[in-house]
Amino acid sequence: MRHRIAVIGGGPAGLTFARVMHRHGHPVTVLERDPAPDARPPGGTLDLHENLGQLALGKAGLLAEFQALSRPEGQAMRILDVDGTVLRDWQSRPDDQANPEIDRGQLRDLLLGPLDVQWGRDVTEVVPGTRDGALVRFADGRQETFDLVIGADGAWSRVRPAISSATPHYTGVTLVETSLDDVDTRHPDLARLIGDGSMAVYGVNRALVAQRNSGGHVKVYAQFRAPLDWHTNLDRHMGLNRHAGLDAGLDLADGEAVRSSLLALFDGWAAPALDLLRHGTAFVHRPLYVLPVSHTWAHVPGVTLLGDAAHLMPPLGAGANLAMLEGAELAEAVAAAPGPGDLDEAVRAFEERMWARAGGWAKITTAGLERLVSPDPTEALALFDEVQPS
């Protein structure tokens, strides 16, 4: 029989689930809050692991198309000391398909393919256990019921409260993102320094990371440990005083003021590192939140979660990969479930597998963040020595 299934969220998790279901001949309803695919910037680049994200794409029948779009050279990684000395320089091999990079926008378009996404559908609440199934309520007052509602709607999921009281908490680490466009032409020295992949500089409780995307676009992330309200009093929270030409408080919407504060925060670092901030075109404040490492819930028939909605963790390369594999595996389980009772048991068994795997990765990424933004910068270098090929 056909199950009425809704996926809330058009990110990697939800779209992978829908695409694998489509491959099995099972239509699903994809509900996305954004009014259109290009309503906001899609984000940076992702490295899809051979045994996670790429495995999911294989289940969707999209691996060959991914390989044509991806950038194996993006796996290169260079680490500098704060004085500009190159400490490590890992180069990628053209045939290395372990963790090739792909822009988030390209991945989204690849997954969208023939899917019929309902854009501009803002979900406000999910109520499980009604007579007709799980009830989905929308901001415009409409409501619909489904046999299964899958929350793939990210960190601040509107679906999660239906089955879990957990909410994300701040890690103590904040990112401020900026970007460089047409870097090879406009900033050739920086382009050579960044190389084909990523370049990072690690200092005491702070870091600068530059990551190449396609088309000459580079994302830059200033990372630092600070209270969540660090910008409200730079003197007290960051040790940045008015002698640096800064006011006590910082308006995060004022790009030039954010640039000045970051340059003061990284004062004394090598000029090329600071140039990443000097030439940034815009600044976006991104405090890092996570869910509890071992987040689980009592199974609720008719509702489940995927990806960040289920296990938000530090952004160290695992989140999107796990989300995609979970979407693919849940789709295969659901597609093989003929009746309502079978559907519920398939979801219950999937959740158990997801919790075990995600819990392990949450521990790894939480420990990794502690080492990457640390009082001891050698911890970051040691971590890369452990994970990079020799």
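The analysis underlying the following values was restricted to heavy atoms, covering all of them including side chains, and did not include hydrogens, waters or symmetry mates.
Not counting sequence neighbours, the partners of Asp89 by the side-chain hydrogen bond (donor to acceptor under 3.5 Å, both in side chains) test are Arg78, Gln91. For Asp251, the side chain to side chain contact (heavy atoms under 4.5 Å, CB included) partners at least two apart in sequence or on another chain are Ala253, Asp254. Legend: residues meeting salt bridge (charged side-chain N to carboxylate O under 4.0 Å, His left out) with Asp103, ordered by chain and number and at least two apart, are Arg71. Take His22 and apply the ring pair (Phe, Tyr, Trp, His ring centres under 6.0 Å) test, not counting sequence neighbours, and it matches no residue. Here Thr365 pairs with nothing under the side-chain hydrogen bond (donor to acceptor under 3.5 Å, both in side chains) rule; sequence neighbours left out.
Residue pairs that meet the ring pair (Phe, Tyr, Trp, His ring centres under 6.0 Å) test with at least one member in residues 294-333, sequence neighbours left out, are His295-Trp297, Trp297-Trp355. Sorted pairs that involve residues 94-149 and meet ring pair (Phe, Tyr, Trp, His ring centres under 6.0 Å), not counting sequence neighbours, are lacking altogether. The ring pair (Phe, Tyr, Trp, His ring centres under 6.0 Å) pairs that include a residue from residues 251-275 are Phe266-Trp269, where partners are two or more places apart or lie in different chains.
Using a 4.5 Å heavy-atom threshold, the side chains of Leu372 and Leu316 count as touching.
Applying the 4.5 Å side-chain rule to ILVMFWY residues, one finds Leu52, Leu55, Met313, Leu322, Leu325, Ile364 in the same cluster as Trp361. Connectivity analysis of hydrophobic side chains (ILVMFWY, heavy atoms under 4.5 Å, direct or indirect) links Leu135 to Val127. Cluster note: Trp156 groups with Tyr170, Leu228, Tyr289, Leu291, Leu312 through ILVMFWY side-chain heavy atoms spaced under 4.5 Å, whether in direct contact or through intervening members.
Remark: the backbone N or O of Thr130 is not paired with any side-chain donor or acceptor of Asp132 at under 3.5 angstrom.
Ion pairing between a basic and an acidic side chain is recognised when a charged N comes within 4.0 Å of a carboxylate O; Arg348 and Glu351 show no such pairing.
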Please list every donor-acceptor pair under 3.5 Å in which a side-chain atom of residues 187-194 meets a protein atom from a residue at least two apart or in another chain.
unit_1: Asp189; atom_1: OD1; unit_2: Arg192; atom_2: NH2; d: 2.3

* To do: Check the pair His237 / Asp229 against side-chain contact (heavy atoms from CB on, under 4.5 Å), numbers first and verdict last.
  => CA-CA 8 Å; His237 296 318; Asp229 62 347; 3.4 Å; yes
